[in-house]
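Because the structure is predicted, anything quoted here is derived from the model rather than measured. Proteins come first, then strands; the chains are lettered A, B, ... in the order of their sequence lines, and each starts at number 1.
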Protein chains: 2
Amino acid sequence: MDRVTLNDVALRARVSLATVSRALNQPALVRDSTVRRVREAAADLNFRPNLVGRNLRARTTRTLGVVLPTLTNTVFADCFQGIERATRLQHYSVMLTTTEYRVEDELAVTEELLRHRVDGLILTVASAAESPVLDMLDCEKMPYVLVYNQSPRPHRQTVSVDNRIAARDAVGHLISIGHRSIRMVTGDFRESDRAQLRYRGYRDAMRAAGLVPQPPVEVPLHTAVASGALAQCLRGRDPASALFCSNDLLAISVVSGLLRLGLHVPDDMSVVGFDGVDLGALLYPALATVVQPSRDIGESAVDTLLARLRGDVPGRSIVLGHSLRIGETAVRFARRPTSQVIRSPNRRK
Amino acid sequence: MDRVTLNDVALRARVSLATVSRALNQPALVRDSTVRRVREAAADLNFRPNLVGRNLRARTTRTLGVVLPTLTNTVFADCFQGIERATRLQHYSVMLTTTEYRVEDELAVTEELLRHRVDGLILTVASAAESPVLDMLDCEKMPYVLVYNQSPRPHRQTVSVDNRIAARDAVGHLISIGHRSIRMVTGDFRESDRAQLRYRGYRDAMRAAGLVPQPPVEVPLHTAVASGALAQCLRGRDPASALFCSNDLLAISVVSGLLRLGLHVPDDMSVVGFDGVDLGALLYPALATVVQPSRDIGESAVDTLLARLRGDVPGRSIVLGHSLRIGETAVRFARRPTSQVIRSPNRRK
DNA sequence: TACCATCCTGAAAACGTTTTCATCGGGCGA
DNA sequence: TCGCCCGATGAAAACGTTTTCAGGATGGTA
C-alpha cells in the first residue's frame, strides 16, 4: 500500500509538511537547497501526491466529465480521443460515461459525475432543445459545452459542424451530379437532434432544386438494415437513385444491404453518409460522406470549457468546417436500364 | 455553485452532522422519523454528497482505472462499455485513459490514475510479459486485471480468449476447406502480444497439417493496407489463397485492398479476421472472423477485480470462449484459373 | 546600533465526509 | 427501586492536501 504522505516526506527531509507542499508545487517560494532535499526525500519514499486530498482542499478537481451516447460509433470515440489529448495537455483529467442512447439515463450519469465534483462537463445529449440534464446544469450554473448537438438557445454553447448546411451540401452534391430522386435514411429521430437537422438540410437541398423532399426512411439503429426498408426506396413510380444516410455506420450498413440485394453501388444506387469515420475511406467502394472533424470537436470543446472555467465570458458556439469526401459510393446518375433486374449478389460469373 | 454540505442539511434538519451522514447512508441506525426529516431537508436543499470528501475519509474511491490502447478499434470500445456497465451495477465509477498505442505512455497515464487513488486497474498493455507498468503495479501491490493480454506469469491475472488456440482454429478452418497456401497479415508485433500469440496459432495450425508456415506480413496499423504488401502475397511460385489477419480492422482493410486490385473476395482470395466486431457482420461480403466476447471480457474483468478488492484470493486467469463466424469472405478453395488475370475493379459490365 | 524589508519556514486551519467514542434517556429484569 | 443494556444522538478526530498567517533569520540602510 502507498501510505506515504506529505508528512512522511517532511519527516525525512527534516522540514515541515507545508514546506514540502511548497517545494513540490511552487519551488520558487523555497530555497533551492531545500527543494533539492525535499525532492530527494520524495523520490526515496516513492511519494505519490494524493489528488483526493488536494481536490478536497482546493475545492476543484481539475477533472472534466464527459457524457457521450456510445463509443461503438467511432465518431464519438475519435471525439473522446481529442478530448483526452487536450485535457492531458492542460493537466486536467477526464471521467467518461456513456448512455448507450438511453435518454432516460442522461440525468443519472451526469449526477454521478457531479458527485465526483468534476469542474465542468462535455456532453452530447439526445436533444439540446429539450433536455432535463441541461436544464439541471443551467439551474446549477455548472459549466458545460455540448459536442455535436446544436442548440436553438444561444447560451447553450456547442461545438459542432453546421449539420443542416452540411447535409444540404451533401444532397446538393448528389443533385449536382444528376440525381433527382433522393431519399434520406435515418435512425430514430428521438435519439439524435443531429439527424433531424440533417433531414432539414436534405429538404433544403431538394427544394432549392425544385424537387420534392420525401419523408425519411427510419430504420432501427445499429442493426443490419432490414432489406424491407431498402426495398421501400426502390419501389414505386419514382424509385430512388441515391440515398443520403444520417450517419456513416448506417450508410455502411445500407451499402451492404444493397449489395446483398444484388444491386451495384454506386451504379444502381448512390449512397452518401455523414460523419467521415476513417473506416469509411478504407472500404471498397470507399464511402462518400460528409466529414466532420471529430477530434477537433473534442479538442475545441475542452479549450472552450477550460476558458470558461478560467472565468472567460461564455462566448458563442463554435461551428467547425465540414467537407465532402467524394468516395466511390456516389456517382453521376445515369438513366437506368429500362427493365431493372434484381440480379443475384455479385458472385463471380 | 453547490456549496450545500452535510452541515447545512444538519442545521436545517436540526440534528447533528453525524446523524445526517448516518441517516443517508445507514438509515437503520437512525430513528425513522429522523431519517424522514433528514431526507426532506436534503431534498429541500438539493444536497449532493461530495465524493471527494467521502473518498478522502474512506481512503477508498470506489473508482476503477482503465487503460486501453485506443477506442477507435471497436473491440476496446465494446470492452469499455462492458466495464462501464458492470461497474455501474456495483456502484463503482471508472476513469478511462488511452495510450493510442504509445507504449512509452503506459506508465505515465497509469501513474496519473494512481494519483487519483483508483482502487484498482483494468488494462491492456502492449506486452504482458515485459511491461514496466505491470512491474510497477506488482511492486506496489496495486490490484489489477489485464484484458486481452495473456501473460506467462500466472500471478498477472488476465481475462481473454485463448488467442493461440483461437487463431489455430481459424487457420484450421481455412485448411479444412481446402486452403494450402495461407499467410498471416499483422500490424506491428511490438504493439500487441496478442498478435504474436495469434501468429503462433497460425504456425500450429499449418504445422499440424503438414504445411509450411510463412513469415508474417507486417503492415503499418490503421492505414490503408499498402497494395505492395498484398501483392507480396500473390507473387511467387506459391501464391496465397487465403489470408489470416490479426484483427478485424486490418482484415477489412485487406479485403478492400484486394477488391481494389481487381480481385474477387473470396473467390480469388479468402480472408479471415480476428475480433468479431459488429461491423464486420454488416459488411458485404460479411467478414469471416474469430469472435471474442468483448463486452463479457470487460464485465468479467470488473467482477474479478472487485472480488479481489473485497479480499478474495487472486484466483486464476479467465479464458472466455471464442467462436468462428463463418462469414462470406472465406470460401472453399477451388483450383484457380491457369492464368490468373488481375482484372480491373468490379465496375459493372 | 537600530530599523526595515526580504526571504524562508512552520503552525494551524480548512476542505466535506465517515466513524469512533461518549452521553443520555428509557425500558426491562431482578 | 436499582442496575443494565440498548437505541439514538452528538462531539470530535481523522483522511491528505493547500494556504494563510506569523515569526525568525538575514542583509541592507540610515
Exercise for the section: Determine which pairs satisfy side chain to side chain donor-acceptor pair (under 3.5 Å) with at least one residue from residues 5-32 of chain B, sequence neighbours left out, and list them in order. Expected result: Arg12(B)-Asp44(B), Ser16(B)-Thr19(B)
Problem - Inter- and intrachain pairs under salt bridge (charged side-chain N to carboxylate O under 4.0 Å, His left out), touching residues 67-89 of chain B, at least two apart - result: Glu84(B)-Arg88(B), Arg85(B)-Glu299(B)
Practice task
Using only side-chain N and O atoms of Arg57(A), determine if any of them is under 4.0 Å from OP1 or OP2 of dA14(C).
Solution key: no
Completion exercise
In whole angstroms, the gap separating P of dC15(C) from CG of Leu56(B) amounts to 14 Å
Problem - No-hydrogen, no-angle side-chain donor-acceptor test under 3.5 Å, Asn163(A) and Gln150(A) - result: yes
Problem - Note: Arg117(A)-Glu112(A) ion pair, threshold 4.0 Å (strictly below) - result: no
Problem - Distance-only polar pair, side chains of Gln81(A) and Thr98(B), donor-acceptor under 3.5 Å - result: yes
Fill in the blank from the handout: Separation of dC15(D) atom C1' from Asp8(A) atom CG, nearest Å, is 13 Å
Practice task
Taking only heavy atoms on the protein side, list every residue of residues 15-23 of chain A lying under 4.0 Å from any atom of DNA chain D, sorted numerically.
Solution key: Leu17(A), Ala18(A), Ser21(A), Arg22(A)
Practice task
Give a yes/no answer on whether the side chain of Thr34(B) brings an N or O atom under 4.0 Å of OP1 or OP2 in dA8(D).
Solution key: no
Handout entry: Whether over 12 other heavy atoms sit under 6.0 Å from Arg102(B) CZ
Key = yes
Exercise for the section: Check whether more than 12 heavy atoms from other residues, nucleotides or ligands sit under 6.0 Å from atom CZ of Arg316(A), and answer yes or no. Expected result: no
Problem - Length of the CZ-C1' vector between Arg59(B) and dA14(D), whole Å - result: 9 Å
Completion exercise
note: Asn25(B), atom CG; dT19(C), atom C1'; distance rounded to Å ~ 11 Å
Handout entry: End-to-end axis angle, where each axis spans five pairs of the helix from dT1(C)-dA30(D) to dA30(C)-dT1(D), to 10°
Key = 60°
Exercise answer: donor-acceptor pairs, residues 303-314 of chain B side-chain atoms, under 3.5 Å, sequence neighbours excluded:
unit_1: Thr304(B); atom_1: OG1; unit_2: Ser300(B); atom_2: O; d: 2.7
unit_1: Arg308(B); atom_1: NH1; unit_2: Gln157(B); atom_2: OE1; d: 2.5

Practice task
Would you mind classifying the nucleic acid contact of Asn7(B) as base, sugar-phosphate or nothing, using non-hydrogen atoms under 4.0 angstrom?
Solution key: nothing
Practice task
Measure from CG on Leu11(A) to P on dG10(C) and round the result to the nearest Å.
Solution key: 11 Å
Practice task
Take Arg37(B) and Pro49(A), find for each the nucleotide of DNA chain D with the closest heavy atom, and name the residue whose nucleotide sits nearer the 5' end.
Solution key: Arg37(B)
Problem - Under 4.0 angstrom between Arg3(A) side-chain N/O and dG16(D) OP1 or OP2 - result: no
Completion exercise
Rounded to whole Å, CG of Leu24(A) lies from P of dT9(C) at a distance of 13 Å
Handout entry: All side-chain hydrogen bond (donor to acceptor under 3.5 Å, both in side chains) counterparts of Asn55(B), not counting sequence neighbours
Key = none
Problem - Leu64(A), Val145(A), Val66(A), Leu114(A) screened by side-chain contact (heavy atoms from CB on, under 4.5 Å) with Leu121(A), the one that passes - result: Leu114(A)
Exercise for the section: Assess the side chains of Ser93(A) and His116(B): does a donor N or O sit below 3.5 Å from an acceptor N or O? Expected result: yes
Problem - Distance test, side-chain N/O of Arg117(B) to OP1/OP2 of dG16(D), below 4.0 Å - result: no
Problem - Under the ring-ring contact (aromatic ring centres under 6.0 Å, His included) test, residues paired with Phe76(A) that sit two or more places apart - result: Tyr148(A)
Problem - Distance test, side-chain N/O of Arg54(B) to OP1/OP2 of dT18(C), below 4.0 Å - result: yes
Practice task
Not counting sequence neighbours, which residues clear salt bridge (charged side-chain N to carboxylate O under 4.0 Å, His left out) with Arg36(A)? List them please.
Solution key: none
Practice task
Could I get the full list of salt bridge (charged side-chain N to carboxylate O under 4.0 Å, His left out) partners for Glu40(B), not counting sequence neighbours?
Solution key: none
Pair up each side-chain donor or acceptor in residues 123-137 of chain A with any protein partner under 3.5 Å, not counting sequence neighbours, and list the distances.
unit_1: Thr124(A); atom_1: OG1; unit_2: Val147(A); atom_2: O; d: 2.7
unit_1: Ser127(A); atom_1: OG; unit_2: Ala129(A); atom_2: N; d: 3.3
unit_1: Ser127(A); atom_1: OG; unit_2: Glu130(A); atom_2: N; d: 3.3
unit_1: Ser131(A); atom_1: OG; unit_2: Leu134(A); atom_2: N; d: 3.2
unit_1: Asp135(A); atom_1: OD1; unit_2: Arg156(A); atom_2: NH2; d: 2.7

Problem - Between P of dC15(C) and CG of Asn55(B), the distance in whole Å - result: 18 Å
Problem - Contacting residues from residues 26-33 of chain A, given that a heavy atom lies under 4.0 angstrom of DNA chain C - result: Leu29(A), Val30(A), Arg31(A)
Exercise for the section: May I have the distance from Leu6(B) (atom CG) to dA12(D) (atom P), rounded to whole angstrom? Expected result: 17 Å
Look for any protein N or O under 3.5 Å of an N or O in nucleotides 24-26 of chain C and output each such pair with its distance, or none.
none

